[in-house]
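For reference, the structure is listed below as structure tokens.
When a ligand or atom number is given, it counts from 1 through the structure's own listing order.
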Amino acid sequence: MTEKKELVYTKPKLKLGYGWGHCPGCHHPIVEKLVCEVLEEMDLARRAIGVAGVGCSFGFFASINIDGANCAHGAAPAVATGIKHALYGKPLVFTIQGDGDCAAIGGGYVLNAASRAEKITIIMVNNANYGTTGGQLAPTTIMGQVTSTTPHGRNTGQGYPIHLPELLVGMQGVAFTARAAPFTPAGYRRAKSYLKTAFQRQLDEAGLTFVELLSACPPNWHMTPLEAIQWMEDSMLPEYPEGIFKDSGGEK
Ligand SMILES: Cc1ncc(C[n+]2csc(CCOP(=O)(O)OP(=O)(O)O)c2C)c(N)n1
Ligand code: SF4
Ligand SMILES: [Mg+2]
């Protein structure tokens, strides 16, 4: 007799069956899966359009089965704005950007989209360095962190880390900001809940929404995947705490 088994876990339907070449221990695929689950659970896949910048999230929309576009490094909030305004039917529009993309070259795009209260969601994948190009210092690199351009560790000569979810709190056009670290089950659940709220606030036209997700980059950190997770717990989380920093609700 065949034993009847209950299905308790399965790959999201939106996640395509192949990756596009992340390093072992990279957390970008966690973010891909998380976005797929949120879109499926909110039944938004057919309404969603994503915009990826340049960096290790470049292939995001080759890995998940929704409409997506790529654009120049940093420009994703501007391209997302254009898509949002050009299309009828109020699509759900979100960007997926690295920390260098979002906080360095694209910082001006983020702030101006926020100031215009664009009804888009920005997802920033923070791995505390420029992963794609060999692990250089990013604005999010934490104090003391060794990168290829700070071989003795970041010091005050290179300034201090940027905390975008906290920084955006003061902007009137921003409806929701949060940060989560989806590499533990609890962090993953938090990330899902924050992303769902961000998407809902966008659909309610409350303003710009922003979610930062902490992510490991083991090769550029010169760590094994497990050491990378330990470093995130010991060093990254104290600098970048999880939580909701602003939630203005659905009105406006
Ligand atoms: C206008 C422009 N400047 C610089 C580059 C080179 N470049 C490609 S990816 C990258 C860094 C990406 O870092 P980040 O945004 O943090 O993404 P990650 O690779 O860490 O996921 C840079 C500087 C580029 N592609 N375009
Ligand atoms: S360089 Fe870092 S962020 Fe890029 S794929 Fe490899 S581990 Fe991931
Ligand atoms: Mg990065």
Side-chain angles (χ1 to χ4, degrees), residues 15-16 18-35 50-64 68-80 94-113 122-143 145-150 154 158-165 167 179-183 191 210-232 235-237 239-240:
K15 181 83 184 75
L16 299 173
Y18 49 88
W20 62 281
H22 293 109
C23 312
C26 179
H27 288 186
H28 272 284
I30 299 178
V31 178
E32 291 173 1
K33 179 168 159 273
L34 192 140
V35 170
V51 184
V54 177
C56 291
S57 45
F58 183 81
F60 205 81
F61 301 105
S63 304
I64 82 170
N70 277 100
C71 64
H73 200 34
V79 174
F94 68 93
T95 72
I96 181 90
Q97 301 176 253
D99 47 325
D101 189 336
C102 226
I105 194 167
Y109 290 88
V110 172
L111 291 183
N112 282 283
I122 294 175
I123 303 172
M124 177 175 99
V125 183
N126 179 5
N127 57 15
N129 73 57
Y130 285 5
T132 312
T133 43
Q136 295 87 353
L137 175 105
T140 43
T141 296
I142 67 174
M143 301 312 286
Q145 185 182 340
V146 171
T147 70
S148 58
T149 46
T150 53
R154 181 178 195 164
Q158 291 96 40
Y160 302 89
I162 287 184
H163 303 79
L164 270 177
L167 195 67
R179 180 185 296 112
F183 63 89
F210 187 98
V211 178
E212 175 177 330
L213 300 172
L214 303 188
S215 186
C217 184
N220 284 315
W221 296 353
H222 303 284
M223 295 177 194
T224 65
L226 288 179
E227 286 167 351
I229 285 174
Q230 193 62 51
W231 185 77
M232 290 175 87
S235 304
M236 227 179 153
L237 271 167
E239 181 70 40
Y240 296 117

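Using a 4.0 Å cut-off to heavy atoms of Gly131, the atoms of ligand 2 that qualify are 1 (S). Near Cys217, with a cut-off below 4.0 Å to any heavy atom, the atoms of ligand 2 are 1 (S), 2 (Fe), 3 (S), 7 (S). If you number the atoms of ligand 2 from 1 as listed, the ones under 4.0 Å from a heavy atom of Pro219 come out as 7 (S). In the vicinity of Val54, heavy-atom distances shorter than 4.0 Å reach the ligand 1 atoms 8 (C), 9 (S), 25 (N). Atoms of ligand 2 lying under 4.0 Å from at least one heavy atom of Asn220, given by number and element, are 1 (S). Within the listing of ligand 2, atoms 1 (S), 5 (S), 6 (Fe), 7 (S) sit less than 4.0 angstrom from a heavy atom of Cys23.
In this structure, the protein non-hydrogen atom closest to atom 14 (P) of ligand 1 is Gly100 N, 3.6 Å. Counting protein heavy atoms only, atom 17 (O) of ligand 1 is closest to Gly98 CA, 3.7 Å. Atom 13 (O) of ligand 1 has its closest protein heavy atom at Tyr130 CA, 3.5 Å. With respect to atom 8 (Fe) of ligand 2, the closest heavy atom belonging to the protein is Cys26 SG, 2.3 Å. In terms of protein heavy-atom proximity, atom 4 (Fe) of ligand 2 is nearest to Cys56 SG, 2.3 Å. Looking from atom 3 (S) of ligand 2 to the surrounding protein, the closest heavy atom is Asn127 ND2, 3.3 Å.
In terms of modelled atom types and a separation under 3.5 Å, the side chain of Ser57 and the main chain of His28 share no donor-acceptor contact.
Residue contacts with ligand 1, taken as heavy atom pairs separated by less than 4.0 Å, do not involve Gln136 at all. The side chain of Thr133, and not its backbone, has at least one atom closer than 4.0 Å to an atom of ligand 1 (non-hydrogen atoms only; side chain from C-beta on). By the criterion of a heavy-atom distance under 4.0 Å, the side chain of Ile105, and not its backbone, is placed next to ligand 1. At a heavy-atom distance under 4.0 Å, only side-chain atoms of Asn127, from C-beta outward, approach ligand 1. Residue contacts with ligand 2 for Ser215 are absent, since no atom lies close enough (heavy atoms, distance under 4.0 Å). Of all the heavy atoms of His27, none lies under 4.0 Å from any atom of ligand 2, so neither backbone nor side chain is involved.
Of the candidates His73, His28, Met124, Gln97, the one placing a heavy atom closest to atom 4 (C) of ligand 1 is His73.
The CG atom of Asp101 sits 11.0 Å away from atom SG of Cys56, with the distance rounded to the nearest 0.5 Å. Residue Trp221 holds its CH2 atom at 5.0 Å from CE of Met236, rounded to the nearest 0.5 Å. Rounded to the nearest 0.5 Å, atoms CZ (Phe183) and CG (Leu237) are 4.5 Å apart.
For Asn127, the nearest N, O or S atom to the Mg ion (ligand 3) falls under 2.8 Å.
Taking the six-membered ring where tryptophan is involved, the planes of Tyr240 and His163 are tilted, since the angle between them lies from 30° to 60°.
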